[in-house]
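Written below as structure tokens is the structure these notes are about.
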2 protein chains.
Amino acid sequence: MALGKDYATQECSIARALEVVGERWTLLVVRDAIYGVRRYNDFLVHLGIPRAVLSARLKTLTEEGILDKRRYQEAPPRDEYVVTARGIALWPALRALALWGRENFQETQLRSFRHADCGTELGPYGECPACGTVVPVADVVLVPGPGLDPDPADPVSRALLKPKRLLEPLEIDPV
Amino acid sequence: MALGKDYATQECSIARALEVVGERWTLLVVRDAIYGVRRYNDFLVHLGIPRAVLSARLKTLTEEGILDKRRYQEAPPRDEYVVTARGIALWPALRALALWGRENFQETQLRSFRHADCGTELGPYGECPACGTVVPVADVVLVPGPGLDPDPADPVSRALLKPKRLLEPLEIDPV
DNA sequence: CAGCTTCGGTTCGGTCATTGAACCAACGTG
DNA sequence: CACGTTGGTTCAATGACCGAACCGAAGCTG
């Protein structure tokens, strides 16, 4: 967390986790990475985050092994940030937070998580009620809901208007 | 979150959840409340949090309906903060974070969550592998593990050296 | 009943993170 | 060779967090 002091007095796995992903914006960056966002500019526009903060978050997330920075083009040199297994392992926590936020603080349903095989919406523990199994992240589809009002200037929001399988890179079409 | 601007541009339940519980210390306060901490001074000592910050967090958590402030004694007037159903609903997210923190950033196991009925450690989705059912929070026992080195000056740490059922108020014995 | 302690705060000055805007550099394109 | 795109860094201002001090109500102690 690096704010004066960390949660050093806490002997607790939750505190340890929050030292890594508890700063402002961090979990939203991981969320976007799981949604398939990979490029600096897409994170920037979609999150509306200050550039300096985004740079800092990408740096620490890379250092902590949650994102992997990889060169995808040499000339001009361009890097992308791809979520690692350690980052994907945050998915249950993010899904639980999303469910809590939706049930307690939202009227309209913005998006839903569905099982790619059968289209059923995931249950509270990330399971598919129809198939009776826990659905791995790669088999989850993000489906837009009725309450959505996307920013037309944001290519990520536009790309998410179609159902989108998690982890796969987003296809950004230019404006 | 109230930091300059909130996550207003985000159309996302995760962002909405983080606006409520994403500030520094907030989730740790909720964690303690689920562990059974109820009194201002116990939060203060156990968390090592500045008093002003604790007051602010208790206030917003109460306003958001996550804690319930109730008078438990008239003379002298004393209030306690009891976690509500909305706060208890954060348990799956906290458990997922604890699992992630432990598996990725900790060597020794500090504590484990076990099914009160049979003593089995909970699985990754909060289920009891032996009984095959999802365990409600009230039936979870927090059991100290080998890596624990509690602060003897902290009554909450001392109380948690014995197995402790979640939600039940902590019995604080004076120094 | 004077003085000390406990509990649950508020106030305050200093520090540190976050913000938004500006700037920068490498490269490709017309 | 001007301009756009991408991926940053720098900087001043703002505001959250920090630790320490202070405060008030009530009880207990001698």
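Here is the naming used below: chain letters follow the sequence lines, and residue numbers restart at 1 for every chain.
- The shortest distance between the side-chain N/O atoms of Ser55(B) and the OP1/OP2 oxygens of dG8(C) is not below 4.0 Å.
- Straight-line distance from the OH atom of Tyr40(A) to the C1' atom of dC24(C): 12 Å, rounded to whole Å.
- Within 6.0 Å of CD on Glu171(A) lie no more than 12 heavy atoms contributed by other residues, nucleotides or ligands.
- At the heavy-atom level, Lys59(B) lies nowhere under 4.0 Å from the strands shown.
- For Arg51(B) against dG8(C), a side-chain N or O and a base N or O form a donor-acceptor pair under 3.5 Å.
- Put simply, CG on Leu44(B) is 12 Å from P on dC18(D), counting in whole angstrom units.
- For the pair Arg39(B) and Tyr72(B), the NZ or CZ position fails the cation-pi test of under 6.0 Å to the six-membered ring centre and within 45 degrees of the ring normal.
- Backbone-only engagement by Val53(B) is indicated by non-hydrogen atom pairs under 4.0 Å involving sugar-phosphate atoms exclusively.
- When heavy atoms are screened at a 4.0 angstrom cut-off, Ala52(A) is found touching base atoms of the nucleic acid.
- Note: CG (Leu54(B)) to C1' (dA16(D)) measures 16 Å, nearest angstrom.
- Counting any heavy atom pair closer than 4.0 Å across all strands shown, Tyr81(A) reaches sugar-phosphate atoms only and no base atom.
- Taking atom CG on Leu58(B) and atom P on dG9(C), their separation rounds to 7 Å, with Å as the unit.
- Here dT6(C) presents its P atom at 13 Å from CZ of Arg39(B), a figure rounded to the nearest Å.
- What separates CZ of Arg71(A) from P of dC27(C) is a distance of 10 Å, to the nearest Å.
- Comparing Arg57(B) and Arg78(B), the nucleotide of DNA chain D nearest to each residue sits closer to the 5' end for Arg57(B).
- Comparing Asn41(B) and Pro76(A), the nucleotide of DNA chain C nearest to each residue sits closer to the 5' end for Asn41(B).
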